[in-house]
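Written out below as structure tokens is the structure these notes cover.
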2 protein chains.
Amino acid sequence: MSTITVPECAISVADDVEQLRKAFSGWGTNEDLIIKILAHRNAEQKKQIREAYASTYNEDLLKALDKELSNDFERLVHLWTLDASERDAYLANEATKRWTKSNSVLVEIVCTRSAHDLLLAKKAYHNCYKKSMEEDVAYHTTGDFRKLLLPLVATYRYEGNDVNMTLAKTEAKLLHSKISEKCYNDDDFIRIIATRSKAQINATLNQYKNQFGKDINKDLKEDPKDEYLTLLRATIKCLTYPEKYFEKVIRRSINKTGTDEGALTRVVATRAEIDMKAIADQYQKRNSVPLDKAVAKDTRGDYEDMLLALLGSADA
Amino acid sequence: MSTITVPECAISVADDVEQLRKAFSGWGTNEDLIIKILAHRNAEQKKQIREAYASTYNEDLLKALDKELSNDFERLVHLWTLDASERDAYLANEATKRWTKSNSVLVEIVCTRSAHDLLLAKKAYHNCYKKSMEEDVAYHTTGDFRKLLLPLVATYRYEGNDVNMTLAKTEAKLLHSKISEKCYNDDDFIRIIATRSKAQINATLNQYKNQFGKDINKDLKEDPKDEYLTLLRATIKCLTYPEKYFEKVIRRSINKTGTDEGALTRVVATRAEIDMKAIADQYQKRNSVPLDKAVAKDTRGDYEDMLLALLGSADA
């Protein structure tokens, strides 16, 4: 469920566009007005605003925002204002270019989105970068990382709830035997994770737990510093418990010295309209503090205000 | 270009449905009438006929056809009557179940279709089989075959004409060096073939020819009996010269003792409405015989009549 709040009364796109233009004009920028409008519009409304802004002022709203804003606030407003598929394409492209072995952003995008939303992101990738997400991921990675990532990115997964229980039992055994042999890059291990439907993987991992008494991710912790294993655990978490995965990313981004604004911005901008309510519930359960309070404590200024608005905080 | 001929006057779907029902009723089946209708309807018209037949007689037209017809004629009519995406899903599913190393049907489907048409086939696969094409391909293959086939099946390729010439030169060198080392299953070799756009691959293979003086497929003939190399050559042919690939499949299906009806039926049913004109031109150029004459010589009965109708033969 979404955490953003949208006005109950009818919204005039023309008014929004005019107000935004006003916020950019004269001395300084009216950040409060930008937040008041953009943080309280859903995907369809933002799309209409961008189209109307472009046709009224012959300028891309995103370019105007980038000119007026700066730093973390700029990035948050920019990501939020993008269409979801363009945003995912943008983040995936950034992740392939800044590739580090520990980068789980790509896994996050391809494993937490539905098959349909991932497809839309791939189409946006074609449009924006004149190439495919698959070729960039494959080009910028090597070895076991490529072996895992390419089929994860490429597969158009089945999304139905149909589950083959016999297969789940067999494949749970197979995963366990590969883990026992420490063959974490085994062809069949990767095949199961990368091509089976989420419902089937979930059934397989439940069987794993039933048969072997432990969560698979516990068994994949042999060496916590092994970056491939870290990525494999993130993959499994994203496929089966996306809210828990996102809760952990947020927790780690604020519960340390210095905030990881990159991670915080990304999760809030991408999930606010999707499942941020569930992520915030998970956060409170795990940390005994409401997510908006924790974010307020760790951030400041317009960046803080925009985050709180997107989190639906009463203080926003 | 298509080879089928559709009546110029308006077609009544209700009439078609009634005529088909008549063709099935009474003593025996009126095969001529079935050919007269179905072989002269395009994809959209066939779709309407199937829908109208189902709602009028509460029976799937395909089931009715399967009951009335038999052997090669049945299979040709069945494949032809299917929607293109269902047909591709059906053929791909069959190919995964009857997997033999020399089976190039899967490569044919995933490499000669556009990214969009392949996507539609994957969606049809989800609907028909309640799982993904990717998981079935990965499950039924192993080793180098899986390593090549899974990314080929999975990748949503970029379809634009944009070509990076610097990249084409670099990757042509890379392909050549891997071939020189006989590393045909090299990660980067497969990455290039499986993820680059067709336009980019074409540019790379032109560079290959310019720099090294030979077609890449000539260099991949080291061992003509090596099934993996055979599949790799088919992949490259399908990606760059689909008409030549299909011409060869047809040529081999009829220019030998006994006809390979499976291959002939598949190519005619899948290409008649797409590029069969170009394939037939290619056939005549390569064999100095018109394709329809060659097919007529090698086949008989209703099967022959239906093939010739789909090939747009004047004798049909």
Side-chain angles (χ1 to χ4, degrees), chain A residues 110 115-116 118-147 149-164 167 170-171 174 186-201 204, chain B residues 110 115-116 118-147 149-164 167 170-171 174 186-201 204:
Chain A
V110 303
H116 181 70
L118 178 56
L119 175 68
L120 294 181
K122 288 185 191 183
K123 288 186 176 178
Y125 204 101
H126 286 195
N127 281 335
C128 297
Y129 307 109
K130 306 296 170 207
K131 47 191 175 166
S132 68
M133 203 185 280
E134 286 90 336
E135 66 188 301
D136 275 359
V137 168
Y139 184 64
H140 290 285
T141 53
T142 53
D144 289 346
F145 289 90
R146 182 194 289 166
K147 193 174 167 183
L149 287 166
L150 180 53
L152 275 183
V153 170
T155 298
Y156 183 65
R157 286 185 204 262
Y158 176 62
E159 299 244 276
N161 287 322
D162 315 67
V163 161
N164 179 334
L167 193 67
T170 321
E171 297 197 332
L174 196 152
D186 173 75
D187 286 5
D188 279 305
F189 194 104
I190 291 177
R191 169 183 65 74
I192 293 168
I193 302 300
T195 70
R196 293 299 186 199
S197 73
K198 291 181 187 179
Q200 183 69 36
I201 291 175
T204 300
Chain B
V110 303
H116 181 70
L118 178 56
L119 174 68
L120 294 181
K122 288 185 190 181
K123 289 185 175 178
Y125 204 101
H126 286 195
N127 281 336
C128 298
Y129 307 109
K130 306 296 171 206
K131 46 191 176 166
S132 69
M133 203 185 280
E134 287 90 337
E135 67 187 302
D136 274 359
V137 168
Y139 184 65
H140 290 285
T141 54
T142 52
D144 289 346
F145 289 90
R146 181 195 288 167
K147 193 173 167 184
L149 286 166
L150 178 54
L152 275 182
V153 170
T155 298
Y156 183 65
R157 286 185 204 263
Y158 176 61
E159 299 244 276
N161 287 321
D162 314 66
V163 162
N164 179 334
L167 193 68
T170 321
E171 297 196 331
L174 196 153
D186 174 75
D187 286 5
D188 279 307
F189 195 103
I190 290 177
R191 169 183 65 75
I192 294 169
I193 302 300
T195 69
R196 293 300 186 198
S197 73
K198 291 181 186 180
Q200 182 69 36
I201 290 174
T204 299

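Note that this is a predicted model, so its numbers are computed, not measured. Chain letters run A, B, ... following the sequence lines, proteins first, then strands; residues in each count from 1.
- By the salt bridge (Lys or Arg N to Asp or Glu O under 4.0 Å) test, A:R191 pairs with A:E171, A:D188, sequence neighbours left out.
- Heavy-atom pairs under 4.5 Å with chain B peak, among A:S197, A:A194, A:A154, at A:A154.
- Shown here for A:L150 and B:P151, the closest heavy-atom pair between the two residues is CD2-CB, 4.0 Å.
- Interface residue A:Y139: backbone and side-chain heavy atoms are both found under 4.5 Å from chain B.
- Side-chain atoms of A:K123 and B:Y156, non-hydrogen and from C-beta on, do get closer than 4.5 Å to each other.
- Here the closest non-hydrogen pair linking A:H126 and B:R157 is CE1-O, 2.9 Å.
- Within the 4.5 angstrom heavy-atom criterion, only side-chain atoms of B:L167, from C-beta onward, approach chain A.
- Test B:M133, B:K131, B:E135 against A:T195 for side chain to side chain contact (heavy atoms under 4.5 Å, CB included) and you get one pass: B:E135.
- Shown here are the side chain to side chain donor-acceptor pair (under 3.5 Å) partners of A:D162, two or more places apart in sequence or in another chain: A:Y158.
- Heavy-atom pairs under 4.5 Å with chain A peak, among B:T155, B:N164, B:D187, at B:T155.
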